Every structure is written in C-alpha cells, then in structure tokens.
Amino acid sequence: MPSSPIDVLTRHLEHVTITDPPADLPTLAELLDAIPDPRSRRGRRYRLGPLLAISLLAVLGGATSLTKIARFITGYDPDLRARAGLPGTVRLAASTLGRLLARLDGDAFDTATCTYLATLADCGPPTTDIQLPARTALSGLAVDGKTLRGSRTPDGVIHLLAATRHDTQTVVAQRQVEAKSNEIPAFTPLLSHLDLTGVVVTADALHTQHDHAHHVIAAGGHYLFIVKGNQPTLLHRLKALPWREAILNDRTDQTAHGRREIRRMKICTTRPHLPFPHAAQAIQIKRRRTDHRTGKTTIVTIYAITDLPPGRITHAQLAALIRGHWSIEALHHIRDVTYREDASRIRTGTAPRIMAGLRNLAIGLARLIGWTNIAAATDHYRSHPADALQLLGFIT
C-alpha cells in the first residue's frame, strides 16, 4: 500500500495510535477497480477505481448529491487528480456519474468496500467498551436494516441489512433485502462469509429466530437477541421468570442529549426447556428515562436472551454489549442527519445503494482514525482536501 491510511493519524489526530495494516493490503482504488465496469470500453474516459475513490473523498468532505461530488472532483488540483489515477483535465457531469452508479453491481461494491473496512478495523486498537482477558475476548457485531427512503425501484424502495462492529462503527457486511421480502431471509447470507469466532451477534426482536441462533452458534459465535411479541411463547416464559427475587446485576446512570437515563439489569440462568436453541441466560433491562426539557419520565422493560453461559463475561460487559447494539442506530442517524440520506434525490438503479456504501466508508474511515464527531470530520476534510487524499494513499 503506498501510504497507510492509518499513518494519517500522526498528521490529523496525534493523540490516537493504531497498528499499521498489513503491507500487502491493496489500496481502495485497486479494490474498486476490480468491480465489473458496466460501461462500454469505447466510452471509458476514467478508470472506475480511482473515480469511485475520489467520489468517496467528496463524500468524506460532506458532499450529499451527485452534483456536489462532480463539482468536488472537478475542483481538485490537476496534479492531485493525476496522482489519484484520473487525467489532469476532468469534465465530469453529475448525470454521467449518476448513470454509472445506477448500473454498478451493488453486491460487488459492498463486498469490496466492506472487506476493506473490515481489514482496517482489525488493525485498530482493542475496543475500550469491553476489556477482557485474551482467553475470553469478545467483540460485538450489530445486525440491523435501513430503508433508503429516496430510492425508487419497480417494487418499492431499497432496504439494506448491515452488520456493524460495536467498537469502531464500521460496516463489515451489507446486503440488499429482496423485493417483497423482509430482513429475516437475508440474515444468514449476510453473515455467511464472516468469521464469527469470538463475536457476539446482537440483533433486535425481528431476528430472534431459531435458524439465526443455530447459524451463529455453528459459525463459532454467540448471540444476544432482544425478545418481543413476535416470539409470544418465549416472551411469556421470560416474563414468568422470578425477576422479583433476582438480584440487581448492573446499574448505569447517564445524562446526555437532554435526558437522564437509568438502566437496571437483572440476569437469570434460564430454566430447562426454555423454547429457544442454546439459550443459557435471560436478561431483563428496566430503562428509566427523564426528558430534561419536558420533565416527562418513561419506564420501559426489555427482555433479551443469550447463549453466553454464566461467568463467560462480567455483568458490566454484558450490559455494554446490550448498549453497544445501538451503535448501528447511531450510524444510521449520522447518515440521515450529517449526509441527509433520507432527503437524497438519488433514486434510480443501484445508485442509492452505492451512495449508502460511500457514506458507510466515509464514516468508518473517520472513526478508525479517531474522529468522534463526524460533522467535524466532514468540515475538516472539506477544508483540507490533501488530508483526505492521504487517507487513501494518493499522497504522502
């Protein structure tokens, strides 16, 4: 790799240290260049990989539309564009870029970008949320879906199911849900190519399915699923457990975003014949939330189930895994608020899916080099495009 994106830390965020990635890791432009190119050979003025990589840097700088991406690429210094693999003179129309993105292979794009992010994430520092001895080290992987509301297809809108690491908020797998279906059939294909050894897969109630539990366990991982009314028998059995006699295992008290939230967690070793495969522990979380602006207090009780046996991790670590699942919701929120995904007017073909993947990449790269505020990161790279080029090894 010409210049490791991790080396950029010493220039942008000196207080963060991350292990260098493997020396043989290809650049992102090289990985993207391997995606099947839908254009006619006679009509190709720019190589696909560098063009997509430069588009990513535009998104990293806050570009939210095809017009802004095209303007960003055209505005680059000719020498910098040449280093990125594009000719010195570029006249790229937003409509041309849109037609290209709409015809790309979405599966191939997600495979390339998620593999790149996953490799970089593996080079990062250990998660600070769950500190465990080496023999019991576990990491969280959240699975959840998101609808691209601005997209348009003959059968409705595009819905994507993604797997996101708790610690780095990087998307390591993504799959489009088939039209006239839902997320459930996409769960197993999404995780089928991932190594789940030492991984706890967290998911909301929709994915609390027997087949999903069997797949995670067979792949060497663990599960932590929320239980709601879609599994009525299991929910009834969980509610009937002796929670009044159970001791309080963990309590957190946090104030943020204009509200105070107190979470109390109790754990019960499941009784024989609990109707869910490999179930070892049942969990009850009582969440008391007070809105400082309105003064209103709400209390919600949540039930969860896991195959993790008692003593595998501490109670605080189990609570951290439950909270960590919402990192994927935070990712979706950033895409909507900072990148205005729900308001996007990019509608046709696979273009909305490709743009979602570029946003995932931008957020993942920013997280991996230490940014905690993505809006601040976009401001920085918009004002310092050379720093953005360093991320992908275009300049040193």
Side-chain angles (χ1 to χ4, degrees), residues 138 140-147 159-164 166 173 175 177-178 180-192 194 196 199-246 249-250 263-287 289 298-310 312-313 315 318-329 332:
L138 295 174
L141 187 70
V143 175
D144 196 19
K146 185 180 189 300
T147 298
H159 188 87
L160 301 176
L161 184 66
T164 304
H166 288 195
R175 185 179 182 87
V177 176
E178 293 184 6
K180 300 181 181 179
S181 183
N182 57 43
E183 296 178 11
I184 295 176
F187 182 92
T188 298
L190 175 75
L191 302 180
S192 60
L194 299 180
L196 298 183
V199 172
V200 180
V201 177
T202 62
D204 58 20
L206 178 64
H207 295 291
T208 306
Q209 306 288 334
H210 290 218
D211 289 344
H212 295 178
H214 284 305
H215 174 78
V216 172
I217 298 300
H222 301 278
Y223 67 79
L224 177 57
F225 294 157
I226 302 298
V227 180
K228 292 185 179 179
N230 61 321
Q231 292 282 352
T233 302
L234 178 59
L235 180 61
H236 175 76
R237 293 284 292 274
L238 290 178
K239 288 182 175 180
L241 291 173
W243 296 112
R244 289 184 178 275
E245 290 76 24
N249 298 111
D250 186 76
R263 297 169 66 96
R264 295 179 174 88
M265 184 183 75
K266 292 183 177 182
I267 302 173
C268 182
T269 301
T270 58
R271 296 175 176 178
H273 310 300
L274 197 69
F276 202 78
H278 308 284
Q281 296 185 90
I283 305 161
Q284 182 196 68
I285 306 104
K286 282 191 177 292
R287 186 179 65 206
R289 180 178 294 172
T298 57
I299 300 176
V300 178
T301 301
I302 300 170
Y303 294 94
I305 196 166
T306 181
D307 73 296
L308 290 168
R312 179 68 169 85
I313 58 176
H315 299 153
L318 185 59
L321 279 170
I322 296 172
R323 292 194 303 273
H325 174 71
W326 304 114
S327 61
I328 195 168
E329 295 289 349
H332 295 165

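The analysis underlying the following values was restricted to heavy atoms, covering all of them including side chains, and did not include hydrogens, waters or symmetry mates. Just so it is clear, the structure is predicted and the values come from calculations on it, not from any experiment.
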Determine the minimum heavy-atom distance between T202 and H166, stating which atoms define it.
OG1-NE2, 3.0 Å

What's the spacing between L241 CG and I267 CD1 if we round to 0.5 Å?
12.5 Å

Could you report the tightest heavy-atom contact between A304 and L238, atom names first, then the distance?
O-CD1, 4.4 Å

Begin from the C-alpha positions of T306 and L321 and carry the test side chain to side chain contact (heavy atoms under 4.5 Å, CB included) through to its verdict.
CA-CA 11 Å; T306 181; L321 279 170; over 6 Å; no

When rounded to the nearest 0.5 angstrom, what is the spacing between CG in D204 and CD1 in I302?
11.5 Å

For a side chain to side chain contact (heavy atoms under 4.5 Å, CB included) check, start with the C-alpha distance between Q284 and R264, then their side-chain angles and the critical distance, and finish with the verdict.
CA-CA 8 Å; Q284 182 196 68; R264 295 179 174 88; over 6 Å; no

Within the 4.5 Å heavy-atom criterion, are D250 and L318 side-chain neighbours or not?
no

If the condition is ring-ring contact (aromatic ring centres under 6.0 Å, His included), which residues does H236 pass it with, not counting sequence neighbours?
none

Under 3.5 Å, which donor-acceptor pairs link side chains of residues 216-231 to any protein atom two or more places apart or in another chain?
from, atom 1, to, atom 2, distance (Å)
H222, ND1, D307, OD2, 2.8
Y223, OH, P277, O, 2.6
Y223, OH, A279, N, 3.3
N230, ND2, A205, O, 2.8
Q231, NE2, T208, O, 2.8

Nearest heavy-atom pair of H315 and N249: which atoms, and what distance?
CE1-ND2, 3.2 Å

Which residues pass the side-chain contact (heavy atoms from CB on, under 4.5 Å) test with A246, sequence neighbours left out?
W243, K266

side-chain hydrogen bond (donor to acceptor under 3.5 Å, both in side chains) partners for T164, two or more places apart:
none

E329: which residues meet the side-chain contact (heavy atoms from CB on, under 4.5 Å) condition with it, sequence neighbours left out?
D144, W326, H332

What pair of heavy atoms forms the shortest contact from T269 to P310, and how long is it?
OG1-CG, 3.7 Å

Looking at E183 and V177, would you say the former's side chain and the latter's main chain have a donor-acceptor pair under 3.5 Å?
no

Under the salt bridge (Lys or Arg N to Asp or Glu O under 4.0 Å) rule, collect the residues that match up with R263, sequence neighbours excluded.
E261

With sequence neighbours left out, the residues meeting side-chain hydrogen bond (donor to acceptor under 3.5 Å, both in side chains) with T301 are K286

Output all residues satisfying side-chain contact (heavy atoms from CB on, under 4.5 Å) with P189, sequence neighbours left out; order by chain, then residue number.
R175

What residues, two or more places apart in sequence or in another chain, satisfy side-chain contact (heavy atoms from CB on, under 4.5 Å) together with N182?
I184, P185

Pairwise distance CG(L191) to CG(L196) - rounded to 0.5 angstrom:
5.5 Å

Assess the residue pair L194 and V199 against the criterion (side chain to side chain contact (heavy atoms under 4.5 Å, CB included)); give the C-alpha distance rounded to whole Å, side-chain angles, the decisive distance to 0.1 Å, and a yes or no.
CA-CA 10 Å; L194 299 180; V199 172; over 6 Å; no

Work out which heavy atom in I285 is nearest to a heavy atom in I283; give both atom names and the distance.
CD1-CG2, 3.7 Å

T147: partners by side-chain hydrogen bond (donor to acceptor under 3.5 Å, both in side chains), with sequence neighbours left out:
H159

Among all residues two or more places apart in sequence or in another chain, which pass the salt bridge (Lys or Arg N to Asp or Glu O under 4.0 Å) test with K146?
D336, E341, D342

CG-NE2 distance between L234 and H210, expressed to the nearest 0.5 angstrom:
7.0 Å

Smallest separation among heavy atoms of A142 and I328, with atom names
O-CD1, 3.7 Å

How would you list, by chain and number, every residue that makes a ring-ring contact (aromatic ring centres under 6.0 Å, His included) with F187, sequence neighbours excluded?
H207, H212

